[in-house]
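Heads up, the thing below is written out as structure tokens.
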Amino acid sequence: AGEMLAGLRGAFVLLDAGSGEVLAMHSSPGFDPGLFVPSIKSGDYSKLAGDAGRPFINRAISSAYMPGSVLKPLLALALMKSGIRPDEEVDCIGYSQFGRQKVRCWRTEGHGRLAMHDAIEQSCNCYFMEMSGRAGFDTMKAVFQDFGIGSKTGLELSENSGLCPSREYMKKVYGQKWNVFDTALLAIGQGIILVTPLQAAEYMALIANGGIAYRPHLLKAVYDSDGTLIIEIKGKEPRFSSDMDAACFNVVREGMFRVVHGERGTGKKADSEKITVYGKTGTAEFKSGEQKRKNTWMAGFAEKDGEKYSYALLVEDGISGGSTCAPLIKHFFNTWID
């Protein structure tokens, strides 16, 4: 993971989806903790503290980001929970209109008619924006909360809780009522919503498992200096479970399989010959001062020999999830398995 993120600003998390064990968690750039032993020189500390890359921040758990399109698998579940059938179609003409606001799909010429599988595979903004209007904000919010958005995972380290959208937050912070345009932005993972890479990996584990996720944990066991076992963490502590029908999860997993293996999948560069990768790419645009920036994502899960691993990769100031993150995911899994 460190090799994968070398020279980049971002974070990666890999979980054993069947137990919640954190197999890898890396934040880049980092620093050499050996500099603090026995004590760090003031010059070295000042250099690290003043580094624009902010190496002291663990981006995997302490930084929260707009998820962009890696939120769409959760939204697909919310749509089905609201009664929308997976085979219902939307005609993407390249943009959707909400009052005076026009929001473009990333494919400006449009995707044409798509059902849910196709929309996940091709990451069609118009499909999810149009369908979110039918599902309604309250259903979306309820599913997001059920899947851990806005709540800490319970990891042993201090972590950011992220932000789950609410009408109350919109009124308090922006002095406005929630409207259909806000719902449309939320449908593509932008606006009032923030997740950590660890949270993204956790809700992908829930999808991989068909409705259950286990509390992420780093600690496996503690021994004293004589090798005597003091504490053993049994793991598999359920944190979330969903009562949604298994067929709903199958629809989402099929869409995520197509993201990597489909003809028009946005994450085809993550396709590995060593492990079966399911994924969802994402690109979240935001303004920093007067500058427009992008944070790029790929999150999902992978299966090999009956084991499932959920993952989330975030790269700051990337090009897109498909071009920046997908090749790195392939490189990670190939190298790790080798």
Side-chain angles (χ1 to χ4, degrees), residues 65-80 84 86-96 102-133 135 140 143-144 147 183-191 193 195 197 200 203-204 207 249 251-271 277-286 294-302 311-315 318-330:
Y65 305 85
M66 284 191 295
S69 292
V70 295
L71 188 70
K72 288 175 180 174
L74 288 193
L75 182 57
L77 291 169
L79 298 181
M80 288 184 281
I84 293 171
D87 60 351
E88 293 184 65
E89 295 183 338
V90 166
D91 186 14
C92 171
I93 60 173
Y95 68 89
S96 293
K102 181 184 288 187
V103 185
R104 294 194 174 276
C105 189
W106 69 267
R107 186 179 176 89
T108 54
E109 64 270 33
H111 286 100
R113 299 197 68 82
L114 303 97
M116 189 173 290
H117 282 131
D118 310 309
I120 295 174
E121 174 188 354
Q122 300 175 50
S123 200
C124 177
N125 287 347
C126 290
Y127 173 91
F128 286 101
M129 289 189 294
E130 297 286 347
M131 287 300 195
S132 69
M140 293 163 58
V143 170
F144 296 162
F147 282 54
T183 301
L185 282 183
L186 181 61
I188 57 175
Q190 307 224 158
I193 186 166
V195 303
Y203 69 66
M204 289 302 180
I207 293 171
F249 289 97
V251 169
V252 173
R253 284 193 291 259
E254 173 63 23
M256 293 176 65
F257 179 84
R258 292 187 188 186
V259 167
V260 179
H261 305 277
E263 181 181 347
R264 297 184 178 182
T266 58
K268 291 194 293 184
K269 292 181 180 180
D271 187 10
V277 179
Y278 298 68
K280 184 69 198 76
T281 57
T283 306
E285 299 180 354
F286 65 101
K294 294 179 181 178
N295 287 331
T296 54
W297 289 86
M298 186 161 186
F301 60 95
Y311 66 88
L313 171 65
L314 178 284
V315 176
I319 298 170
S320 70
S323 61
T324 302
C325 297
L328 296 177
I329 291 297
K330 176 179 181 176

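As the structure is a computational prediction, the values presented were derived from the model and not from experiment.
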[X] side, atom [atom1]; [Y] side, atom [atom2] - distance, nearest 0.5 Å:
| X | Y | atom1 | atom2 | answer |
| --- | --- | --- | --- | --- |
| R104 | I93 | CZ | CD1 | 9.5 Å |
| S320 | M298 | OG | CE | 11.0 Å |
| M66 | L314 | CE | CG | 11.0 Å |
| K280 | E121 | NZ | CD | 10.5 Å |
| I188 | I193 | CD1 | CD1 | 12.0 Å |
| I120 | R253 | CD1 | CZ | 11.5 Å |

- prompt: Between the side chain of E254 and the main-chain N/O of H117, is any donor-acceptor distance below 3.5 Å?
  reply: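 No, E254 side chain to H117 backbone: no donor-acceptor pair under 3.5 Å.
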
- line: On a heavy-atom basis, the closest approach of P86 and A115 is O-CB, 3.4 Å

- prompt: Which atom pair, heavy atoms only, marks the closest approach of E130 to S96?
  reply: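 Distance-wise, the nearest heavy atoms are OE2-OG, 3.0 Å.
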
[X]: ring-ring contact (aromatic ring centres under 6.0 Å, His included) partners, not counting sequence neighbours:
| X | result |
| --- | --- |
| F128 | none |
| H261 | F257 |
| Y311 | F333 |
| F249 | none |

Answer yes or no: is there a side-chain heavy-atom contact under 4.5 Å between [X] and [Y]?
| X | Y | result |
| --- | --- | --- |
| L74 | I207 | yes |
| M256 | F301 | yes |
| L186 | F144 | yes |
| K294 | I319 | no |
| I329 | L313 | yes |
| P73 | M204 | yes |
| N125 | K72 | yes |
| C92 | L114 | yes |

- prompt: Going through the checks in order, is the salt bridge (charged side-chain N to carboxylate O under 4.0 Å, His left out) test met by D118 and R113?
  reply: CA-CA 9 Å; D118 310 309; R113 299 197 68 82; over 6 Å; no

task: Using ring-ring contact (aromatic ring centres under 6.0 Å, His included) as the criterion, point out the one residue from Y95, W106, Y127 that pairs with H111.
output: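 Checked Y95, W106, Y127 against H111; only one passes ring-ring contact (aromatic ring centres under 6.0 Å, His included): W106.
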
query: What pairs with V195 under side chain to side chain contact (heavy atoms under 4.5 Å, CB included), at least two apart in sequence or on another chain?
result: P67, I149, Q199, W297

message: Can you list everything that forms a salt bridge (charged side-chain N to carboxylate O under 4.0 Å, His left out) with E109? Sequence neighbours excluded, please.
response: R107

E88 and L79: CA distance, side-chain angles, deciding distance, side chain to side chain contact (heavy atoms under 4.5 Å, CB included) verdict: CA-CA 11 Å; E88 293 184 65; L79 298 181; over 6 Å; no

- prompt: Is it the case that S123 and T266 place a side-chain donor and acceptor less than 3.5 Å from each other?
  reply: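 Side-chain D/A pair, S123 to T266: absent.
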
- prompt: So M131 and V90, side chain to side chain contact (heavy atoms under 4.5 Å, CB included) or not? Walk me through it.
  reply: CA-CA 8 Å; M131 287 300 195; V90 166; 3.8 Å; yes

